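This report refers to the structure that appears directly beneath it.
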Amino acid sequence: MVEGKPMSQQEAKRIVDGLYEKMHARWKERVTESPFMRKLQEGSLPMEAIRLYYRNWASFVLTINTLGLAVYYKQVDFLKKDLKLMRMFASKLVDEFGKPEPPGHILILVKTGQALGLTEREVLDTQQLPAARALGDFHKVVVWDGALCDYWASVVWEEAMGYFAQDWREALMKKYNLDLNQVVYYTTHYEADLKEHEGTASHASIVRGVLEYMLEKGFVDERIGYGLEYCAVTPCDLNGVMLQGVLDELGIK
């Protein structure tokens with residue numbers, strides 16, 4: 001458990017680098033190498049499974065994006081300690097809710113869903129499978145019950161999400177005959193999560209920057225039952241649970 005004491009920039013970077021290393025290892029094991037993703041990349045995954053996953057994923061997206069607004073409110077006293085820090089987080093929220101235009105990324109979420117054969121309402125109104133609901137519920141609990149730093153550790157997987165989006169984009173184009181315009185949701189998230197875009201830092205670099213700042217300043221108060229490492233790797237497990245839950249629901253081996 002990390003003690004809430006100021007530390008050097010080098011020590012903070014070492015700890016955060018370790019979190020990302022553990023997160024990526026768990027993501028590879030539970031998501032990248034999962035039966036669902038292997039089938040998707042081979043082109044053997046039925047479109048029925050792709051649509052079911054996307055509907056459940058879309059419900060999660062609505063949850064995680066709006067939680068960001070709650071976090072901004074809950075942590076505003078911490079954020080205002082450094083206007084640079086506040087600017088970083090605010091730019092992330094503006095990206096999610098303002099681009100390409102309000103209400104933001106939800107527009108491209110619907111667009112790619114329609115390219116997959118889903119209606120707008122199917123994308124926005126799906127009742128999630130229990131296996132899919134677990135990821136969003138975990139994030140809600142971390143926001144309301146965890147410590148300040150627990151939330152930031154819980155979203156380090158945005159970096160893995162960038163590569164995940166790239167895998168989806170390539171599979172849908174190469175194996176399922178969608179074009180670049182149709183997979184705009186995945187293209188946008190690959191760029192938003194991993195690259196600086198339109199003057200906004202990548203989401204991954206924003207999360208990393210906030211975590212390192214918190215450690216340097218000693219704003220770390222891990223709560224028992226949570227903690228940086230636990231919060232960093234658990235979403236990887238739950239993404240894997242969602243993928244497998246779709247296969248189980250449809251009886252796909």
Side-chain angles (χ1 to χ4, degrees), residues 31 34 36-37 39-40 43-72 92-141 143-144 155 157-158 161-162 164-193 203 235 238-252:
V31 178
S34 67
F36 185 105
M37 290 305 293
K39 290 177 182 294
L40 175 72
S44 63
L45 189 68
M47 184 57 73
E48 180 185 14
I50 292 174
R51 291 183 183 122
L52 181 59
Y53 170 78
Y54 195 86
R55 292 176 66 184
N56 280 272
W57 174 257
S59 291
F60 166 72
V61 169
L62 296 173
T63 296
I64 195 66
N65 284 358
T66 49
L67 273 176
L69 301 174
V71 171
Y72 194 88
K92 184 176 184 294
L93 296 176
V94 169
D95 195 40
E96 293 283 8
F97 291 97
K99 299 176 183 177
E101 61 183 274
H105 285 186
I106 190 172
L107 299 175
I108 57 174
L109 183 72
V110 169
K111 184 173 182 179
T112 292
Q114 290 173 331
L116 294 172
L118 299 170
T119 67
E120 179 179 300
R121 298 271 50 96
E122 285 176 323
V123 173
L124 299 178
D125 294 344
T126 297
Q127 291 183 331
Q128 288 181 296
L129 299 172
R133 185 174 294 279
L135 179 61
D137 285 356
F138 168 77
H139 279 285
K140 283 185 280 188
V141 170
V143 167
W144 297 116
V155 291
W157 67 276
E158 283 197 72
M161 177 60 197
F164 183 64
Q166 185 179 34
D167 290 340
W168 268 92
R169 179 182 65 178
E170 292 181 358
L172 291 176
M173 291 178 66
K174 293 178 180 179
K175 301 297 184 178
Y176 296 90
N177 301 316
L178 272 66
D179 62 36
L180 189 60
N181 187 54
Q182 291 174 312
V183 297
V184 61
Y185 173 75
Y186 290 110
T187 298
T188 299
H189 266 273
Y190 166 66
E191 295 172 350
D193 290 333
H203 294 182
L238 297 178
N239 268 281
V241 168
M242 186 190 303
L243 294 170
Q244 186 59 45
V246 171
L247 298 184
D248 293 344
E249 179 70 14
L250 298 176
I252 299 173

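Computed from a prediction, not measured in an experiment: that's the story for all the values here.
For the pair Met173 and Leu180, the tightest heavy-atom approach, listed with the atom from each and the gap, is CE-N, 3.8 Å. Contact detail for Gly245 and Ala131: the closest heavy-atom pair is CA-CB, 3.8 Å. In terms of heavy-atom proximity, Arg55 sits nearest to Thr126 at NE-OG1, 2.9 Å. Between Pro100 and Ile108, the closest heavy-atom pair is CD-CG2, 4.3 Å. Across all their heavy atoms, Ala49 and Ile252 have their closest contact at CB-CD1, 3.9 Å.
Crowding of Gln114 atom CD: a count of heavy atoms from other residues, nucleotides or ligands under 6.0 Å exceeding 12.
Ring orientation note: the planes of Phe164 and Tyr53 are nearly perpendicular, at an angle over 60° on the 30°/60° scale. Between Trp168 and Tyr186, the ring planes are parallel. Angles under 30° get that label, and only those over 60° would be called perpendicular.
Applying the side-chain contact (heavy atoms from CB on, under 4.5 Å) criterion to Asp137, with sequence neighbours excluded, gives Arg133, Lys140.
Under the 3.5 Å distance criterion, the side-chain polar atoms of Tyr176 are matched with a main-chain donor or acceptor of Leu45. Between the side chain of Thr187 and the main chain of Val184, no donor-acceptor pair closer than 3.5 Å is present.
Partner Asn181 forms a side chain to side chain contact (heavy atoms under 4.5 Å, CB included) with one of Leu178, Asp179, Val183 and no other, that one being Asp179.
Centroid-to-centroid, the aromatic rings of Phe60 and Trp57 come within less than 6.0 Å.
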